[in-house]
Peer 1: 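Quick one: the structure is below, and I'll ask about it shortly.
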2 protein chains.
Amino acid sequence: MSTRKLKQPPSNEEFIPHLAYDSVIFGFNGKQLKILVLEYHNTGLFAIPGGFVKRNEDINDAVKRGLKERTGLSDIYLEQFHTFGSVSRSSAETMREILINNGYEVHNDHWLFDRFVSIAYYALINYEDVQPRPDELSDSINWYAIDDLPPLMMDHRAIVDKALENLRENLDKKLIGMNLLPAKFTMKDLQTVYEAILGEKLRRTTFQRKILAREILIRHEKLFTGGAHKAPYLYSFKDKNPIKGKKYA
Amino acid sequence: MSTRKLKQPPSNEEFIPHLAYDSVIFGFNGKQLKILVLEYHNTGLFAIPGGFVKRNEDINDAVKRGLKERTGLSDIYLEQFHTFGSVSRSSAETMREILINNGYEVHNDHWLFDRFVSIAYYALINYEDVQPRPDELSDSINWYAIDDLPPLMMDHRAIVDKALENLRENLDKKLIGMNLLPAKFTMKDLQTVYEAILGEKLRRTTFQRKILAREILIRHEKLFTGGAHKAPYLYSFKDKNPIKGKKYA
DNA sequence: TTCTTATTGTCTCAATTTGTTACAATAATA
DNA sequence: TATTATTGTAACAAATTGAGACAATAAGAA
């Protein structure tokens, strides 16, 4: 019943050789910080989403293109954080395993088996409005809690760790919460995002005071959840890009 | 008298195509923060030092190799800070101008005229123990004060600006001063480095108090300069890599 | 209606950190 | 022995952060 596969892998003509990108896509489900991890067909190999750069394409655009394909979202918050360039990070064996198990016909000196330098980005997206789609090579793509990841292939674990490190550093400078929460949220929601990213509990009153002191939020109506207690206000972010020097955590 | 040049440019066989590095090399002359800028023969083009990555070489090693060639130093403090990947940053015309004015014979589809992605690093070196050497393509290499740079070719000015931005951010986290000063220095020396990097004056007593509170310095003998005033202590850094969370500026 | 409960918004006061000024302790030199 | 410029530290004020207290709810239960 099954036909012989004759698929062609990405072409050398179209893409810059030796160059790839990888993306750590963060989402927040209301409780935990998660990232998208894909699994390749019949290999048991887990990886973060990556791709190649077209010969006449900005790297930023290549990453956006990949994210669009997998999440359906455009206008995603993206941050380039490191380029991984050791020789040892590349693994021809791993690439071969992936391609073979996807039914590709590839010769031994195919460009995908070469050494690759990877430019790594992290993305922040609103968990709720995404239905992740696996790409052609992948079996599945799923959210995994940041502290419960499957073993990742090659150096992908190191990439994720470095992404998280950078995300934590940028928590001070950029408005991280804006990209991980819906437009309106409670102060507790925001605090939970901060705690999930930092991996530690914060003091409620201090957090609230500091966030409010920054004057980056607009207060809206109250949210009545049905809980037997005072209803919290809803907030939204005032500005897209204030960049203040103040700390809030 | 002069012979016809028949030099060969770097070979496509040896290097990864489309991939380069650029380095912003910071030094401190006791007063100002400076960087190394080179000028290409007969072109009036100024650039920061860069190079290519061998096919079987870690990118970090490629940068170290380039730095060693130009400064004679190994064991240089290096920090990768960004990868520049827009299509528009590359300029075949500029490359052609440089190669032609160096007497190279290159065909029109030479690999150096292709689009390049550049991984950018900054380095911190001790100004005093360096005698910069121009490379084969360059006329000269000289120190320029960070606020008095010549016009730089292509996007090199943006690379320098981003390097400085990153250096300022890392002033908190890493022991920047260690790499820009001699082994022993006065508190005033250290403050001057901080001021040169930040581009602003700091309050003497607060600076001294905060630095001392971090307990990263060892106090040595006094330094008698011959000035008609109290002699300052000399200090050195205690540890290579403490990484404290405290701020000191 | 009136309790009870959990949560929220805000206030207060203590502890810590930072900003600012003051001042004594030098190294030369006059 | 004065004079001068600079350095190391102390002292106090101002600002920020930590830690608790507490009144104001929004339900549901009594």
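As the structure is a prediction and not an experimental result, all values here were calculated from the model. So you know, we letter chains A, B, ... as the sequences are listed, proteins then strands, and number each from 1.
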Peer 1: Checking Asp58(B) side chain against Val87(A) main chain: does a donor-acceptor pair fall under 3.5 Å?
Peer 2: yes

Peer 1: Taking CD from Glu221(B) and P from dT26(C), how many angstroms apart are they, rounded to a whole number?
Peer 2: 17 Å

Peer 1: Is a donor-acceptor pair below 3.5 Å formed from side chain Arg203(A) to base dG20(D), judging by atom type as modelled?
Peer 2: no

Peer 1: Just wondering, are more than 12 heavy atoms of other shown residues or ligands nearer than 6.0 Å to CD in Glu128(B)?
Peer 2: no

Peer 1: I need the NZ-P distance between Lys222(B) and dA5(D), as an integer number of Å.
Peer 2: 19 Å

Peer 1: Between the protein and nucleotides 28-30 of chain C, which nitrogen or oxygen pairs come in under 3.5 angstrom?
Peer 2:
from, atom 1, to, atom 2, distance (Å)
dA28(C), OP1, Gly226(B), N, 3.2

Peer 1: Specify the separation, in whole Å, of atom CZ of Phe185(A) and atom C1' of dT8(C).
Peer 2: 16 Å

Peer 1: Starting from C1' on dG8(D), measure out to CG on Leu217(B) and report it in whole angstrom.
Peer 2: 14 Å

Peer 1: dG19(C) base to Arg209(B) side chain: any donor-acceptor pair below 3.5 Å?
Peer 2: yes

Peer 1: Considering only residues two or more places apart or on different chains, which pairs with a residue in residues 223-234 of chain B satisfy salt bridge (Lys or Arg N to Asp or Glu O under 4.0 Å)?
Peer 2: none

Peer 1: Picking from dA19(D), dA25(C), dT10(C), which would you name as closest to the side chain of Thr206(A)?
Peer 2: dA19(D)

Peer 1: Please find the pair of heavy atoms, one from Phe52(A) and one from Tyr21(A), that lie closest to each other, and give the distance.
Peer 2: N-CE2, 3.8 Å

Peer 1: Regarding Thr205(A), tell me which of base, sugar-phosphate or nothing describes its non-hydrogen contacts under 4.0 Å with the strands shown.
Peer 2: base

Peer 1: Gln208(B) CD to dT20(C) P: how many Å, rounded?
Peer 2: 17 Å

Peer 1: Starting at the 5' end of DNA chain D and moving along, which residue's nearest nucleotide shows up first, Arg204(A) or Arg204(B)?
Peer 2: Arg204(B)

Peer 1: How close do Glu195(A) and Leu202(A) get, heavy atom to heavy atom, and via which atoms?
Peer 2: OE2-N, 2.9 Å

Peer 1: Report yes if a donor N or O on one partner sits less than 3.5 Å from an acceptor N or O on the other, where the partners are the side chain of Arg219(A) and the base of dG9(C); otherwise report no.
Peer 2: no

Peer 1: How sharply is the helix from dT1(C)-dA30(D) to dA30(C)-dT1(D) bent, taking the axes over five pairs at either end and rounding to 10 degrees?
Peer 2: 20°

Peer 1: Find the distance Leu212(B):CG to dA10(D):C1' and express it as a whole number of Å.
Peer 2: 14 Å

Peer 1: Below 30° counts as parallel, above 60° as perpendicular, anything between as tilted: where do the rings of Phe26(A) and Tyr122(A) land?
Peer 2: perpendicular

Peer 1: Can you establish whether the number of heavy atoms outside Glu165(B) located under 6.0 Å from its atom CD is more than 12?
Peer 2: yes

Peer 1: Between dT7(C) atom P and Phe207(A) atom CZ, what is the distance in whole Å?
Peer 2: 18 Å

Peer 1: Are more than 12 heavy atoms from other residues, nucleotides or ligands located less than 6.0 Å from atom NZ of Lys222(B)?
Peer 2: yes

Peer 1: Between Met187(B) (CE) and dT9(D) (C1'), how many Å, whole number?
Peer 2: 12 Å

Peer 1: Can you say whether the rings of Phe237(A) and Phe185(A) are parallel (under 30°), tilted (30 to 60°) or perpendicular (over 60°)?
Peer 2: tilted

